[in-house]
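What follows is one structure encoded as structure tokens, with my remarks underneath.
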Amino acid sequence: MKLSVVMPIYNERATLRRVVETVLSLSFPFDIELLCVDDGSTDGSREILRELQLQHPAMRLLLQPRNMGKGAALRRGIQDATGEFVLIQDADLEYDPAEYPILLQPLLDGKADVVYGSRFTGDRPHRVLYFWHSVGNRLLTLFSNALTDLNLTDMETCYKAFRREAIQSIVLKEDRFGFEPEVTVKVAKRRLRVYEVGISYSGRTYQEGKKISWKDGVRALWCLLKYSLEEPRVQPGAASSGVRPPRV
């Protein structure tokens with residue numbers, strides 16, 4: 001059994017070696033395929049990734065031709081994934097790879113098609129940072145739940161795990177941080193089985209490299225509305241056909 005970890009990277013040289021080593025040193029009863037998608041980094045991240053690729057056969061390096069956005073990088077990594085399960089991992093170590101077993105358990109048990117790791121539930125440690133960020137995240141999740149009829153506590157979380165056939169059956173379009181609301185709406189439209197588990201969170205400040213801004217929050221609202229209105233509802237079972245969509 002294989003897990004495909006998709007890691008979008010843009011100017012993350014400060015944490016890159018550590019996160020790659022952490023992911024590939026995990027001990028699981030299945031193989032890990034780490035797909036590192038560099039999104040046009042200009043800080044030396046690409047050179048570090050080339051070095052790491054020579055050291056780690058389980059790492060695959062995918063280079064975007066220019067900075068195209070996190071969503072575009074995720075789309076490419078997801079399309080190239082070959083494992084039974086696909087998990088999203090940021091390169092900044094805000095999320096702890098040691099918690100993969102928690103995320104994967106509902107998938108391994110055959111109970112879920114998609115698992116969200118929530119920063120707002122459970123008793124795991126969280127770094128205390130921006131109040132208004134947390135308010136914005138909760139409002140976006142509330143709006144998302146109202147449109148999708150899901151009962152999530154953290155729609156914007158990075159940590160999402162999927163059955164590969166389920167996520168590869170979804171045609172994704174968003175190039176930046178709109179990936180989170182887009183994939184949530186499309187998962188709901190397909191009536192996939194969604195679970196949520198509590199995770200820890202070690203957030204960064206803007207001085208430490210955090211990139212998301214209030215403009216991305218506005219875009220997230222737009223994406224929720226857009227895809228809720230235009231995305232057709234898929235009949236149960238149709239999303240599990242395993243047919244891969246064309247590359248976009």
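These numbers come from the heavy atoms of this one structure, side chains and all, not from hydrogens, waters or symmetry mates. Just so it is clear, the model here is predicted, and its values are computed rather than measured.
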- Message: Test side-chain contact (heavy atoms from CB on, under 4.5 Å) on Arg233 and Arg191; report intermediate values, then the result.
- Response: CA-CA 8 Å; Arg233 185 171 293 279; Arg191 300 181 186 178; 3.0 Å; yes

Heavy-atom nearest pair, Ala81 first then Leu35, reads N-CD2, 4.1 Å

- Message: Under a 3.5 Å distance rule, please check whether Ser169 uses its side chain to pair with a backbone N or O of Ala166 as donor and acceptor.
- Response: yes

Hey, does the side chain of Asp113 reach the backbone of Arg163 with a donor-acceptor pair shorter than 3.5 angstrom?
no

Interatomic distance, CG@Asn137 vs CG@Leu142, rounded to 0.5 Å, equals 12.5 Å

In Arg219, Arg75, Lys70, the residue satisfying side-chain hydrogen bond (donor to acceptor under 3.5 Å, both in side chains) with Glu174 is Arg219

For residues Leu139 and Trp222: do they belong to one hydrophobic cluster (side chain heavy atoms under 4.5 Å, members Ile, Leu, Val, Met, Phe, Trp, Tyr)? no

All heavy atoms of Leu62 vs all of Gly77, minimum pair found to be CD1-CA, 4.3 Å

Test log, rule side-chain hydrogen bond (donor to acceptor under 3.5 Å, both in side chains), inputs Ser118 and Thr153: CA-CA 6 Å; Ser118 173; Thr153 64; 2.5 Å; yes

In short, side chain to side chain donor-acceptor pair (under 3.5 Å) pairs touching residues 26-35 with sequence neighbours left out are Ser4-Glu33, Glu33-Arg60, Glu33-Thr82

dist Leu3:CG -> Leu26:CG (nearest 0.5 Å) comes out at 9.0 Å

*When hydrophobic residues are tied together by side-chain contacts of less than 4.5 Å, even through go-betweens, does Met68 share a cluster with Tyr10?*
no

ask   = Counting only N and O atoms by type, is there a donor-acceptor contact under 3.5 Å from the side chain of Tyr159 to the main-chain atoms of Asp96?
value = yes

Subject >> Within 6.0 Å of CZ in Arg50, more than 12 heavy atoms from elsewhere >> reply: yes

* Are any of the side-chain heavy atoms of Phe143 and Met155 separated by less than 4.5 Å? -> no

For the residue pair Glu196 and Thr121, confirm or rule out a side-chain donor-acceptor distance under 3.5 Å. no

Scanning both residues in full, the closest heavy-atom pair of Leu49 with Met59 reads O-CE, 3.3 Å

So CD of Glu21 and CZ of Arg17: to nearest 0.5 Å the spacing works out to 8.5 Å

### Query
Counting heavy atoms not belonging to Asp109, are there more than 12 under 6.0 Å from its CG?
yes

Min side-chain heavy-atom separation Val19-Glu12 under 4.5 Å:
no

Run the side-chain contact (heavy atoms from CB on, under 4.5 Å) check on Ile170 and Glu182 step by step: do they pass?
CA-CA 10 Å; Ile170 299 174; Glu182 179 190 10; over 6 Å; no

Closer than 3.5 angstrom, by distance alone: can the side chain of Glu84 be matched with the main-chain N or O of Arg164 as a donor-acceptor pair?
no

task = Keeping the roles fixed (side chain from Asp154, backbone from Arg119), state whether a donor-acceptor pair exists under 3.5 Å.
result = yes

query: Considering only heavy atoms from C-beta outward, does the side chain of Ile88 approach that of Phe162 to under 4.5 Å?
result: yes

Closest non-hydrogen atoms of Arg76 and Leu63, given as atom of the first, atom of the second and distance, are NH1-O, 2.6 Å

Value for CG (Leu104) from CZ (Phe28), rounded to nearest 0.5 Å, stands at 6.5 Å

* To do: Mark yes or no for whether Glu156, through its side chain, and Phe177, through its backbone, hold a donor-acceptor pair below 3.5 Å.
  => no

From the list Asp43, Asp39, Asp38, side-chain contact (heavy atoms from CB on, under 4.5 Å) with Asn11 holds only for Asp43

Quiz item: Looking at side-chain heavy atoms only, is the closest gap between Lys189 and Val185 below 4.5 Å?
Solution: yes

Closest heavy-atom pair, Ala112 versus Tyr195, reported as atoms and distance to 0.1 Å, is CB-CD1, 3.7 Å

Hits for side-chain hydrogen bond (donor to acceptor under 3.5 Å, both in side chains) against Glu180, two or more places apart or cross-chain, chain-then-number order -> Lys160

Separation between CZ (Phe179) and SG (Cys223), nearest 0.5 Å, reads 12.0 Å

In short, Ala91 meets Thr15 closest at the heavy-atom pair O-OG1, 2.6 Å

Query raised in the report: Under 3.5 Å, is there a donor-acceptor pair linking the side chains of Tyr100 and Gln89?
Result: yes

Rounded to the nearest 0.5 angstrom, the CE-SG distance for Met7 and Cys36 is 5.0 Å

Hey, does Glu99 have a side-chain heavy atom less than 4.5 Å from the side chain of Val197?
no

Counting C-beta onward and ignoring hydrogens, is there a side-chain heavy-atom pair between Thr157 and Tyr201 closer than 4.5 Å? no

So, do Leu152 and Val194 sit near enough that their side-chain heavy atoms are less than 4.5 Å apart? yes

**Asked** Going by heavy atoms in the side chains, are Leu52 and Leu61 under 4.5 Å from each other?
**Response** no

**Prompt:** Are Val5 and Met1 in one and the same hydrophobic cluster, where Ile, Leu, Val, Met, Phe, Trp and Tyr link if side-chain heavy atoms are under 4.5 Å apart?
**Reply:** yes

Hey, mind stepping through Tyr116 and Thr184 against side-chain contact (heavy atoms from CB on, under 4.5 Å) and telling me if it holds?
CA-CA 10 Å; Tyr116 281 51; Thr184 301; 2.8 Å; yes

